[in-house]
Amino acid sequence: MEPEKIIDQLRTRLDGTSLDAYEICMISESRLAVEARGGEIESFSRVMENGVALRAVKDHRMGTASSTDLSEDALQRLVVSVAANVEEA
């Protein structure tokens, strides 16, 4: 899923909560490794990692939550988690 779509989905879900404020941080990283020996490519690997973190405030209490699972179900759980963490603070 595109980062902009993930952020839009989170924003819509967070706007539907009773939180006073929130922050969304999206991180994407990619690495490429190529090993060659004697002019021949011996190994090739490409790694792409994505994650999102939320920080929220309600009644002067702050909570956080993060995930590397960016499925729609996981995003919903992330919003529920950050709201619960604020309540427990």
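Values below: every heavy atom of this structure, side chains too, minus hydrogens, waters and symmetry copies.
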Enquirer: If the condition is side chain to side chain donor-acceptor pair (under 3.5 Å), which residues does Asp20 pass it with, not counting sequence neighbours?
Expert: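 Side chain to side chain donor-acceptor pair (under 3.5 Å) list for Asp20, sorted by chain: empty.
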Enquirer: Which pairs pass salt bridge (Lys or Arg N to Asp or Glu O under 4.0 Å) with one or both residues in residues 50-64, sequence neighbours excluded?
Expert: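 Salt bridge (Lys or Arg N to Asp or Glu O under 4.0 Å) check on residues 50-64 returns Glu23-Arg55, Lys58-Glu87, Asp59-Arg61, Arg61-Glu87.
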Enquirer: What I'd like to find out is whether the side chain of Tyr22 reaches to under 4.5 Å of the side chain of Asp15, using heavy atoms alone.
Expert: yes
Enquirer: State, with a plain yes or no, whether a side-chain heavy atom of Glu35 is found less than 4.5 Å away from one of Ile41.
Expert: no
Enquirer: Just do the side chain to side chain contact (heavy atoms under 4.5 Å, CB included) check on Val86 and Val57 with the steps written out, would you?
Expert: CA-CA 7 Å; Val86 167; Val57 176; over 6 Å; no
Enquirer: Would you say that Gln9 contacts Val79 through its side chain, given a criterion of any heavy-atom pair below 4.5 Å between the two side chains?
Expert: no
Enquirer: Would you say Arg13 and Glu72 make side-chain contact, with heavy atoms under 4.5 Å?
Expert: yes
Enquirer: Tell me every residue that passes side chain to side chain contact (heavy atoms under 4.5 Å, CB included) with Ser66, counting only those two or more places apart in sequence or in another chain.
Expert: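 Side chain to side chain contact (heavy atoms under 4.5 Å, CB included) list for Ser66, sorted by chain: Ala53.
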Enquirer: How far apart are the C-alpha atoms of Phe44 and Leu32, what are their side-chain angles, what is the distance that settles it, and do they pass the side chain to side chain contact (heavy atoms under 4.5 Å, CB included) test?
Expert: CA-CA 8 Å; Phe44 175 90; Leu32 176 65; 3.4 Å; yes
Enquirer: Listed by chain and number, what are the side chain to side chain contact (heavy atoms under 4.5 Å, CB included) partners of Glu29, not counting sequence neighbours?
Expert: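 Applying side chain to side chain contact (heavy atoms under 4.5 Å, CB included) to Glu29 gives Arg31, Glu49.
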Enquirer: Tell me whether Asp8 is salt-bridged to Arg11, with the criterion being a basic N under 4.0 Å from an acidic carboxylate O.
Expert: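 Salt bridge between Asp8 and Arg11, a charged N being under 4.0 Å from a carboxylate O: yes.
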Enquirer: Kindly give the heavy-atom pair with the smallest separation between Ser28 and Asn50, and that separation in Å.
Expert: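 Closest approach of Ser28 to Asn50, heavy atoms only: OG-OD1, 2.7 Å.
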Enquirer: Going by the side chain to side chain donor-acceptor pair (under 3.5 Å) test, which pairs reach into residues 77-86, not counting sequence neighbours?
Expert: none
Enquirer: Can Asp69 and Ser67 be counted as having a side-chain donor-acceptor contact under 3.5 angstrom?
Expert: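 Ser67 and Asp69 do not have a side-chain donor-acceptor pair below 3.5 Å.
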Enquirer: Contact between Ile24 and Leu14 at the side-chain level, heavy atoms closer than 4.5 Å - yes or no?
Expert: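 Heavy-atom side-chain distance check passes, below 4.5 Å.
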Enquirer: So, using side chain to side chain donor-acceptor pair (under 3.5 Å) as the criterion, who are the partners of Thr68 when residues are at least two apart?
Expert: none
Enquirer: Measure the shortest side-chain to side-chain distance between Leu54 and Thr64 over non-hydrogen atoms and say whether it is less than 4.5 angstrom.
Expert: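 Not in contact.
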